[in-house]
**Student:** 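I am attaching a structure below and will ask some questions about it afterwards.
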Amino acid sequence: MLGLCLASAIRFGGANLALVAPILGLMLMVTALTHQLRGWLTSLMGDKRKRGTVILAITIVFVLVVNIPGLAGLYFDRDDGPDGAEKVAEVLEEGGLESEEMAAVRTASLVLPPGWLAYASIGAQRGNPFPALLAALGTMTIAGLSLARSYRTTLRLYRSAGTSLPKKNRVRSERDVATDEPARFDRMVEWDLPFSPPHAAAIATSALRMLMRAPHTKMVLLTPVVLLVVFAGLIANGGLDEPPEPLVPFLGRAAIGMAMMTIAQLLQNLFGFDGDGFRVFVLSAAPREEILLGKNLAHAPLGLGLGLTSLVLLQVLVPLRASHFVASIL
């Protein structure tokens, strides 16, 4: 970037030398924000459960970002207009930087910090160094604020002052002691399920609570969510041919089958994620059939939730007769 700045100064005028300041400011801003983000992630990674949640969130964001082009192609009609080279030539013929598209890009570069260097470059090529100086001032100000925030957070961590999260936990714990009422999720393991033996109910509620907190469950549930979005886009955008009338009643079962296959890893391996907790079931005095019943009841909300979601989405896109819809639910 510094080499390009020097070449621009030689070719287009000395005003381009002012771009050195926003270049260094942009590097400092990115470095400071990265440092702050790393410190924030490090504080979150101290808790194993939060570490799994952070990894899950990063995975979900990565999967969604990677699929954005494909999903955009499903939900929006593609424009069979000119290709990239023809579009650039058209923009240049219409006045280059004065075209409507480039005017919108220039406005975004003026507002958003990552675009300040580009906006300063436009001003420097026109002989105006002041946008470059303002961009440098803005990026360095952001970097200073970020470094100051990182410094204060680091001091609090090393001085054991804690973060906002322990403070929230401490307030909740004092409230629970004052009211003598357990937290909502803590009370889940004490629920009584109708028509279920006590052992089965206890195993079901505790296993369901574990599934709700486990990152691997969220990872497994990510696949059906992506598939639902993709297939919904195909059907809504006409990407799939209209099915024959005799085939429509079977679409409900196909939707349920897709949902069940995506969570088969959980449904067919009930004890696979228990880890050291499996010895509790081995040494437990509860009858084996009640243990299996409890584990199946814990996994039932996952299958029922995904199955009903698939059916409702299918009913919106490809309406089934009421009798077929109810039969699919059963």
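We number each residue from 1, following the sequence as shown. These numbers were taken from a predicted model, which means no experiment stands behind them. Excluded from the calculations below are hydrogen atoms, water molecules and symmetry mates; all remaining heavy atoms, backbone and side chain alike, are included.
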**Student:** Check whether any side-chain heavy atom of Arg209 sits under 4.5 Å from a side-chain heavy atom of Ser206, and report yes or no.
**Tutor:** no
**Student:** For Phe195, which fellow cluster members are found when Ile, Leu, Val, Met, Phe, Trp and Tyr are connected by side-chain heavy-atom distances below 4.5 angstrom, either directly or through intermediates?
**Tutor:** none
**Student:** Return a table of donor-acceptor pairs under 3.5 angstrom between the side chains of residues 3-10 and protein atoms on other chains or two or more places apart.
**Tutor:**
{"from": "Ser8", "atom 1": "OG", "to": "Leu4", "atom 2": "O", "distance (Å)": "2.8"}

**Student:** Check side chain to side chain donor-acceptor pair (under 3.5 Å) between Gln315 and all other residues, then give those that pass, not counting sequence neighbours.
**Tutor:** none
**Student:** Show me the pairs that pass salt bridge (Lys or Arg N to Asp or Glu O under 4.0 Å) and involve residues 305-320, at least two apart or across chains.
**Tutor:** none
**Student:** Under the side chain to side chain donor-acceptor pair (under 3.5 Å) rule, collect the residues that match up with Ser146, sequence neighbours excluded.
**Tutor:** Gln36
**Student:** Who clusters with Leu293? Use side-chain heavy atoms, under 4.5 angstrom, across I, L, V, M, F, W and Y, and order the result by chain and number.
**Tutor:** Leu193, Leu297
**Student:** Taking all atoms of both residues into account, what is the closest heavy-atom pair of Ala255 and Leu314, and its distance?
**Tutor:** CB-CD2, 4.3 Å
**Student:** Distance from Met260 atom CE to Leu266 atom CG, nearest 0.5 Å?
**Tutor:** 11.0 Å
**Student:** List the atom of Gly307, the atom of Ile256, and the distance in Å for their closest heavy-atom pair.
**Tutor:** O-CG1, 4.5 Å
**Student:** Search all heavy atoms of Leu292 against all heavy atoms of Asn296 and return the closest pair with its distance.
**Tutor:** O-ND2, 2.7 Å
**Student:** With rounding to the nearest 0.5 angstrom, report the CG to CD1 distance, Leu28 to Ile142.
**Tutor:** 10.5 Å
**Student:** List the atom pairs, donor and acceptor, that lie under 3.5 Å between side-chain atoms in residues 322-330 and the rest of the protein, sequence neighbours left out.
**Tutor:**
{"from": "Ser328", "atom 1": "OG", "to": "His324", "atom 2": "O", "distance (Å)": "2.8"}

**Student:** Decide whether Met140 and Ile23 are clustered together by the hydrophobic rule: side chain heavy atoms of Ile, Leu, Val, Met, Phe, Trp, Tyr closer than 4.5 Å, transitively.
**Tutor:** no
**Student:** How far apart are the closest heavy atoms of Thr139 and Met29, and which atoms are they?
**Tutor:** O-CB, 3.7 Å
**Student:** Would you tabulate the side-chain donor-acceptor contacts of residues 268-281 under 3.5 Å, counting partners in other chains and residues two or more places apart, or write 'none'?
**Tutor:**
{"from": "Asn269", "atom 1": "OD1", "to": "Gly272", "atom 2": "N", "distance (Å)": "3.3"}
{"from": "Asp274", "atom 1": "OD1", "to": "Lys295", "atom 2": "NZ", "distance (Å)": "3.2"}
{"from": "Asp274", "atom 1": "OD2", "to": "Lys295", "atom 2": "NZ", "distance (Å)": "3.1"}
{"from": "Arg279", "atom 1": "NE", "to": "Asp276", "atom 2": "O", "distance (Å)": "3.4"}

**Student:** Show which side-chain atoms of residues 108-120 pair as donor or acceptor with protein atoms under 3.5 Å away, not counting sequence neighbours.
**Tutor:**
{"from": "Ser109", "atom 1": "OG", "to": "Val105", "atom 2": "O", "distance (Å)": "3.0"}
{"from": "Trp116", "atom 1": "NE1", "to": "Leu110", "atom 2": "O", "distance (Å)": "3.1"}
{"from": "Trp116", "atom 1": "NE1", "to": "Leu112", "atom 2": "O", "distance (Å)": "3.4"}

**Student:** Establish whether Ile203 and Leu208 are linked, either directly or via other cluster members, by ILVMFWY side-chain heavy-atom contacts under 4.5 Å.
**Tutor:** no
**Student:** For the hydrophobic clusters of this structure (ILVMFWY residues joined by side-chain heavy atoms under 4.5 Å, transitively), does one cluster hold both Met27 and Val20?
**Tutor:** yes
**Student:** Mind checking whether Leu17 and Leu19 sit in one hydrophobic cluster, side chains of I, L, V, M, F, W, Y counted as touching below 4.5 Å?
**Tutor:** no
**Student:** Would you list the pairs meeting ring pair (Phe, Tyr, Trp, His ring centres under 6.0 Å) in which at least one residue belongs to residues 12-33, sequence neighbours left out?
**Tutor:** none
**Student:** I'd like to check Ile291 versus His199 (side-chain heavy atoms, cut-off strictly below 4.5 Å). Are they in contact?
**Tutor:** no
**Student:** Can you give me the closest heavy-atom contact between Pro131 and Gly123, atom names plus distance?
**Tutor:** CG-CA, 4.4 Å
**Student:** So, for Leu147 and His35, which heavy atoms are closest and what is the spacing to 0.1 Å?
**Tutor:** CD2-CD2, 4.4 Å
**Student:** Given the rule that I, L, V, M, F, W and Y join up when any side-chain heavy atoms are under 4.5 Å apart, are Leu26 and Ile122 in one cluster?
**Tutor:** no
**Student:** So, using side chain to side chain contact (heavy atoms under 4.5 Å, CB included) as the criterion, who are the partners of Val316 when residues are at least two apart?
**Tutor:** none
**Student:** Would you please name every residue forming a side chain to side chain contact (heavy atoms under 4.5 Å, CB included) with Ser284, sequence neighbours left out?
**Tutor:** Ala286
